[in-house]
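Here is the structure we will look at, set down as structure tokens.
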Amino acid sequence: MPELPEVETTKAGIAPHIQDQSITKLLVRESKLRWPIPDELPRLAKNQTVLNVRRRAKYLLIDIGSAKTNTIKGTIIIHLGMSGSLRVLKDDIPAAIKHEHFDICFSNGVVLRYTDPRKFGACLWQDAKETENKLLDHLAPEPLSDEFNLEYLFAKSRKRQAAIKTFIMDQKFVVGVGNIYASESLFLSGINPQKAAGKVTKAKFEVLIKCIKEVLAKAIKDGGTTLKDFTGSDGKPGYFAQQLRVYGRAGEPCLTCKKPIKQITQGQRSTFYCPTCQK
DNA sequence: AGTATCTCCTGCGTGC
DNA sequence: TGCACGCAGGAGATAC
């Protein structure tokens, strides 16, 4: 399930292969993703050069335009949804199989192939002339930036009734923290995921912010978490799954106190925590 | 405004 | 073996 570390891993994996390369073709096999892939995207992307590969929240952003004048024409916005991945293919490119919804082909022979069985992902176009973007304009700070700090998050949390876990997964407050890393960060912080965000003390918030940053940074270092679907751009899985302390471990002993890890549902999503260690 | 619920989709595990 | 079912989940849309 691509959260921030998985998107960052993907970005790092694809950028060296496509940076400064010219797009020869954008081939859409299945346009019905979360939103339709715009019909005009292949035409807009053709013969444009990749000027930057960026990430914002869980969005992968590929700025394309003219290499000569270094002007950005627009940005291809890719979201991996919950089962999406991008792979770099070169030489002997295999025929596309089921769920491989589009390819971006480059002049150096590289093909960037998007796979997404559950079709929760997206591939959209943001023209440089457009000044606003509904998806990107109102995103909260990046968790690994200095902007995401104690003063900021503590102020946002005051008087909030919502559970702390729901709170840190809300893109209005911090981006990129999904279901897995929310559970993990709260375990490391010793905070009960059901506690109202507004009731969590400042001291606990300090620990939580540190834990969110640490767990994300460590996961990026390990190439992300692979449970089922996620693979890096080289087709290999990430290794952070081996570091998970509570996620997916319902009934198994807590690594700290040996009592069973509990699984509950919050906002239609499973949460894993240790009732003894997390208060 | 804040919060809770619904929704998109497919593959997989479970139980009968 | 086959089927129905429930679950997984990012986050916008919708409904209170």
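Proteins come first, then strands; the chains are lettered A, B, ... in the order of their sequence lines, and each starts at number 1. Computation of the quantities below employed the complete heavy-atom set of this structure, encompassing side-chain atoms and omitting hydrogens, waters and symmetry-equivalent molecules.
Heavy atoms of A:Gln263 sit under 4.0 angstrom from primed sugar atoms or phosphate atoms, though from no base atom. Backbone-only contact: A:Tyr59 has heavy atoms under 4.0 Å from sugar-phosphate atoms and none from a base. Among the protein residues, A:Lys32 comes within range of no part of the nucleic acid, since none of its heavy atoms lies under 4.0 Å from any strand.
Between A:His79 and the phosphate of C:dA11, there is a side-chain N or O to OP1/OP2 separation shorter than 4.0 Å. For the OP1/OP2 pair of C:dA8 and a distance below 4.0 Å, the side-chain nitrogens and oxygens of A:Ser270 include at least one atom meeting the criterion. Between A:Lys172 and C:dA11 there is no side-chain polar atom (N or O) within less than 4.0 angstrom of OP1 or OP2. In terms of phosphate contacts, A:Gln266 brings no side-chain nitrogen or oxygen within less than 4.0 Å of OP1 or OP2 of B:dT3. Considering only side-chain N and O atoms, A:Gln171 lies under 4.0 angstrom from the phosphate OP1 or OP2 of C:dA11.
Counting only residues at least two apart or in different chains, salt bridge (charged side-chain N to carboxylate O under 4.0 Å, His left out) contacts with residues 145-155 of chain A comprise A:Glu151-A:Lys202.
Across residues 123-143 of chain A, not one residue has a non-hydrogen atom less than 4.0 Å from an atom of DNA chain B.
Checked for salt-bridge contact, A:Arg29 and A:Asp103 meet the test: a charged N lies under 4.0 Å from a carboxylate O. The pair A:Glu214-A:Lys218 does not meet the salt-bridge criterion, since no charged nitrogen lies less than 4.0 angstrom from a carboxylate oxygen.
Distance CG (A:Asp170) to P (B:dT5): 15 Å, rounded to an integer number of Å. At whole-Å resolution of the value, CG in A:Leu4 and P in C:dG10 are 12 Å apart. If you take CD of A:Glu3 and C1' of C:dA11, they are 13 Å apart, rounded to a whole angstrom. Atom CH2 of A:Trp35 and atom P of B:dC9 are 14 Å apart (whole Å). Distance A:Ile77 CD1 to C:dG10 C1': 16 Å, rounded to the nearest Å. As a whole-Å value, the separation of A:Arg118 CZ from B:dC9 P is 14 Å. Distance, A:Gln161 CD to C:dC16 P: 22 Å, rounded to whole Å. Taking atom NE2 of A:His101 as the reference point, atom P of B:dT10 lies 8 Å away to the nearest angstrom.
Taking a 6.0 Å sphere around NZ of A:Lys73, one finds it holds more than 12 heavy atoms contributed by other residues, nucleotides or ligands. Annotation: A:Asp137, atom CG; neighbour count of heavy atoms from other residues, nucleotides and ligands within 6.0 Å is above 12.
Side-chain heavy atoms closer than 4.5 Å link hydrophobic residues (I, L, V, M, F, W, Y) into clusters, and following such links, even through other members, never connects A:Ile168 to A:Tyr273.
Both A:Arg160 and A:Gln268 sit near DNA chain B, but only A:Arg160 has its closest nucleotide nearer the 5' end. Ranked by how close their nearest DNA chain B nucleotide is to the 5' end, A:Phe173 and A:Phe120 are led by A:Phe173. Ranked by how close their nearest DNA chain C nucleotide is to the 5' end, A:Thr265 and A:Ala57 are led by A:Thr265.
Ring pair A:His101/A:Tyr114 is tilted by interplanar angle, where 30° to 60° counts as tilted.
Residue A:Lys58 places its side chain closer to C:dG10 than to any other of B:dG11, C:dG10, B:dT3. Closest to the side chain of A:Lys119, from the set B:dG11, B:dT3, B:dC9, is B:dC9.
Judged purely by atom type and a 3.5 angstrom limit, A:Ser183 uses its side chain to pair as donor or acceptor with the backbone of A:Phe272.
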